[in-house]
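Below you'll find the structure, written out as structure tokens, and then a few comments.
Computed from heavy atoms alone, side chains included, the values below leave out hydrogens, waters and symmetry copies.
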There are 2 protein chains.
Amino acid sequence: MTIYDISKKAGVSIATVSRVLNGSDKVRPSTRKKVMDIIEKYDYTPNAYARGMGLQSLRTIGILCADSSDLFLAKAVYYLQQELQASGYESLLCCTGYNPDIKRNYLHLILSKKVDGIILVGSNFIGTSEEENQYIKDVSAQIPIMLLNASFDYPNVYSTLCDDHGTMYEAASAMVTAGIRDILYLYNSRSYSGCKKLSGFRAAMEAGGITDHEKRIFFYDGDPQQLDAVADFVERAAEKISFHGVIASDDSLAIGAVKYAGRAGLKVPEDLSVIGYNNSMLTTCCTPELTSVDNRLETQTHQLVQTLLGVLSGEEMPKQSVFSGKLIKRGTTLF
Amino acid sequence: MTIYDISKKAGVSIATVSRVLNGSDKVRPSTRKKVMDIIEKYDYTPNAYARGMGLQSLRTIGILCADSSDLFLAKAVYYLQQELQASGYESLLCCTGYNPDIKRNYLHLILSKKVDGIILVGSNFIGTSEEENQYIKDVSAQIPIMLLNASFDYPNVYSTLCDDHGTMYEAASAMVTAGIRDILYLYNSRSYSGCKKLSGFRAAMEAGGITDHEKRIFFYDGDPQQLDAVADFVERAAEKISFHGVIASDDSLAIGAVKYAGRAGLKVPEDLSVIGYNNSMLTTCCTPELTSVDNRLETQTHQLVQTLLGVLSGEEMPKQSVFSGKLIKRGTTLF
DNA sequence: ATACAAAATGTAAACGCTTACATATTAGCG
DNA sequence: CGCTAATATGTAAGCGTTTACATTTTGTAT
């Protein structure tokens, strides 16, 4: 069933059918009805690929995210899709996984679909070496690239992010100010934002006059959703060093620390203070509830889409929009 | 940059370029290299829409899911995409939200993209009235429809699901057998599987000789991810009726009950037993850990994709594949 | 009724690929 | 070295839309 079949059955030309389908103003109501009836009768759906051939822009944005079952990324994607839909844009979501080669493949895949722009969700799309980021440069030559939670200075690449360094600095400083000087730092990503958080932590330690913090920085290499495995990891860390506070780069790691405390018979927050990051639903899941950093995801996604729409309509837009996160105090801290 | 430009630069015809792109066997190695060099030099990506026009099948499956930030749905989507990718199929994911009209729009959208099949993830795509499900009948006339966690008997519609009735019956019966006869039942969806779970609960109550269970069945109408709101809801329920056990149709509701217990000073599981459903990461997030029903999601998604592949290659496949869920006993129950 | 402008509709080219079929090249063999 | 068969490459016809431009119809003012 093609537009051609419809046009014959309705006794009009294909151009008229096309106009009806696209809501053109220049169709007589009686003709429109005649065509619509046939379309509905045969449950006709125009072929998106043929449309894609003719049209200049399909008003479509590609969204790439490593793993949509990650709470943070899932929420980000959700907000983005809502925003885009509200602005009349379709979105194409690809969950790429963390393998760099596969990521690159998906980028080409999405590029082949005539998207007007690409949003890379999460800082794991930005590497540390020039070479790793070459593919971003290549693509940005063709269409604008938006980064959520990462930053990369290059023409036609726009960044929206949380000041993870400063925010983590504030969070860690709050703990130091509360008198806790032996803090375990847990992280599981060396991505752009992962590095910023870590540097913020280090800066806070130095500012607090702490000098032996490096030995309490631990990289967790497993699946963060396996909370028991995280707890095991913290337990092993506790065998090596002592600590009275835990700061994690993600809520799930922080929850693992709370679990460890339960096993070890430590009271939270009296014996152990814990701060998470991302302010996900996990924060209210445990007892006591988890103090965490809210990185204003909804504000960020809104800003990102506004910037993108501006860029697409040819306006000059800020290359980087930075927001400050905020420590949400709950039960796992005394301060 | 089109195949035509590439062909000119490489000094061959467009057919040859096309053959190189599609990995055809009938190209001389020297020619292939010549073409590949140009392709890489100009970072050329073929236009997916033009390809879509020519090709019979694009080896693409559409996946529809209401909300990918729901833990259960997100995991299901993740497994499905992995399975499909491993079988050489591309997947097109659409998060539709819960509005029926928008859902229907997305179905047409995805249909327009020449997908070879459609997977509907989650039972909220199946309604209770004939009319609600009409759209499924219409679409199934064109391509096969796979249901995950729902069932609908119609030609070209294939279902893979957990026996929610029986599984919930087992779980509830276990609680009754343990001597708990006043059980609060929490649910938040009247979808296909939501109804099956509820009927399983009722059957277990009746089998246990309990007659006043209807007054302890509560429908929660809010956002299940707002755990505090769920706890509030349970608190209000407790003002109306008494209970020593809670069974929920989803882990997040169960967690809300655990939170309520904490507030009310009730010890879990001594004063209150709690059973969740879906065996999500939330189960290990709280203390004590949540007893929950595992519905074998990975097994289901595997079966679903195998069935789909079978159908697509013209084989006769089972219309319905049912798996039994399994109660995973953790700390919120004594039995 | 007639002429003319405005509105509605139709015609045909273009979009960038795939692929059946035609043609040219190569290799093997006597 | 010429012939044939096999292999590689080229040509051109679709695929199903959109849309500029041409044509027809309608409405309005004379």
Side-chain angles (χ1 to χ4, degrees), chain A residues 1-39 42-60 90 108-116 142-143, chain B residues 1-39 42-60 90 108-116 142-143:
Chain A
M1 185 61 61
T2 74
I3 206 175
Y4 200 76
D5 300 320
I6 298 291
S7 77
K8 262 195 289 194
K9 289 187 202 294
V12 298
S13 75
I14 57 166
T16 300
V17 177
S18 177
R19 279 189 272 258
V20 168
L21 284 168
N22 294 291
S24 163
D25 38 343
K26 300 293 162 218
V27 180
R28 201 177 314 176
S30 62
T31 314
R32 158 164 291 134
K33 178 160 176 8
K34 194 166 58 180
V35 174
M36 280 304 257
D37 286 350
I38 301 287
I39 288 174
Y42 292 92
D43 202 20
Y44 161 75
T45 310
N47 180 317
Y49 289 90
R51 273 197 97 222
M53 289 240 47
L55 249 29
Q56 189 61 30
S57 156
L58 294 166
R59 288 186 75 83
T60 301
E90 202 185 304
H108 269 99
L109 177 71
I110 217 161
L111 211 52
S112 78
K113 298 201 173 168
K114 251 190 179 174
V115 294
D116 301 301
Q142 306 187 37
I143 52 172
Chain B
M1 185 61 61
T2 74
I3 205 175
Y4 199 77
D5 301 320
I6 298 292
S7 76
K8 263 195 289 196
K9 289 186 203 296
V12 298
S13 75
I14 57 166
T16 300
V17 177
S18 177
R19 280 189 272 259
V20 169
L21 284 168
N22 294 291
S24 162
D25 38 342
K26 300 293 162 217
V27 180
R28 200 179 313 174
S30 63
T31 314
R32 156 163 293 133
K33 178 160 177 8
K34 194 167 58 180
V35 174
M36 280 304 257
D37 285 350
I38 301 286
I39 287 175
Y42 291 92
D43 203 19
Y44 161 75
T45 310
N47 180 318
Y49 290 91
R51 270 198 98 221
M53 290 242 46
L55 248 31
Q56 188 61 31
S57 157
L58 293 166
R59 289 185 74 84
T60 302
E90 202 185 304
H108 269 101
L109 178 71
I110 217 161
L111 211 52
S112 77
K113 297 201 173 167
K114 249 188 180 175
V115 293
D116 300 302
Q142 306 187 37
I143 52 172

Between the protein and nucleotides 17-20 of chain D, are there any N/O to N/O pairs under 3.5 Å, and if so, what are the atom names and distances?
from: D/dT17; atom 1: OP1; to: A/Tyr44; atom 2: OH; distance (Å): 2.5
from: D/dT17; atom 1: OP1; to: A/Asn47; atom 2: N; distance (Å): 3.3
from: D/dT17; atom 1: OP2; to: A/Ile3; atom 2: N; distance (Å): 2.7
from: D/dT17; atom 1: O5'; to: A/Tyr44; atom 2: OH; distance (Å): 3.3
from: D/dT18; atom 1: OP1; to: A/Asn22; atom 2: OD1; distance (Å): 3.3
from: D/dT18; atom 1: OP1; to: A/Asn22; atom 2: ND2; distance (Å): 3.0
from: D/dT18; atom 1: OP1; to: A/Arg51; atom 2: NE; distance (Å): 3.0
from: D/dT18; atom 1: OP2; to: A/Ser18; atom 2: OG; distance (Å): 2.3
from: D/dT18; atom 1: OP2; to: A/Asn22; atom 2: ND2; distance (Å): 3.4

Cationic N near anionic O, under 4.0 Å, B/Arg51 to B/Glu90: no

Backbone of A/Gly52 reached by a side-chain donor or acceptor of A/Lys114 within 3.5 Å: yes

Please report the distance, rounded to the nearest Å, between CG in A/Leu58 and C1' in D/dG16. 14 Å

List the steps and the verdict of side chain to side chain contact (heavy atoms under 4.5 Å, CB included) for B/Asp5 and B/Tyr44. CA-CA 10 Å; B/Asp5 301 320; B/Tyr44 161 75; over 6 Å; no

Apply side-chain hydrogen bond (donor to acceptor under 3.5 Å, both in side chains) to B/Ser57 and list each qualifying residue two or more places apart in sequence or on a separate chain. B/Asp116

Using the rule given for side chain to side chain contact (heavy atoms under 4.5 Å, CB included), can you reason through B/Met1 versus B/Thr45, listing the C-alpha separation, both sets of side-chain angles and the distance that settles it, and then say yes or no? CA-CA 8 Å; B/Met1 185 61 61; B/Thr45 310; over 6 Å; no

For a side chain to side chain contact (heavy atoms under 4.5 Å, CB included) check, start with the C-alpha distance between B/Arg19 and B/Thr16, then their side-chain angles and the critical distance, and finish with the verdict. CA-CA 5 Å; B/Arg19 280 189 272 259; B/Thr16 300; 4.2 Å; yes

Going by heavy atoms closer than 4.0 Å, what residues in residues 108-116 of chain A are next to DNA chain C? none

Considering only heavy atoms of chain B and a distance under 4.0 Å, specify the first and last nucleotide of DNA chain C in 5' to 3' order that meet this criterion. C/dG16 to C/dT26

Rounded at 0.5 Å granularity, tell me how far CD1 in B/Ile3 sits from CG in B/Leu21. 5.5 Å

Steps toward side chain to side chain contact (heavy atoms under 4.5 Å, CB included) verdict (A/Ile14, A/Thr2): CA-CA 10 Å; A/Ile14 57 166; A/Thr2 74; over 6 Å; no

Show which side-chain atoms of residues 28-36 of chain A pair as donor or acceptor with protein atoms under 3.5 Å away, not counting sequence neighbours.
from: A/Arg32; atom 1: NH2; to: A/Ser24; atom 2: O; distance (Å): 2.8
from: A/Lys33; atom 1: NZ; to: A/Asp37; atom 2: OD1; distance (Å): 3.3
from: A/Lys33; atom 1: NZ; to: A/Asp37; atom 2: OD2; distance (Å): 2.7

Atom pair CG/CE of A/Asn47 and B/Met53 - distance to nearest 0.5 Å: 5.5 Å

Terminal axes of the helix from C/dA1-D/dT30 to C/dG30-D/dC1 (5 end pairs apiece), angle rounded to 10 degrees, sit apart by 40°

Closest non-hydrogen atoms of B/Ser7 and B/Ser13, given as atom of the first, atom of the second and distance, are CB-C, 3.7 Å

Do A/Tyr49 and B/Leu55 make a side-chain contact, defined as non-hydrogen atoms from C-beta onward lying under 4.5 Å apart? no

Closest-nucleotide ordering on DNA chain D, the 5'-leading residue of A/Tyr49 and A/Arg28: A/Tyr49

Note, A/Gln142 side chain near A/Leu111 side chain (heavy atom, < 4.5 Å): yes

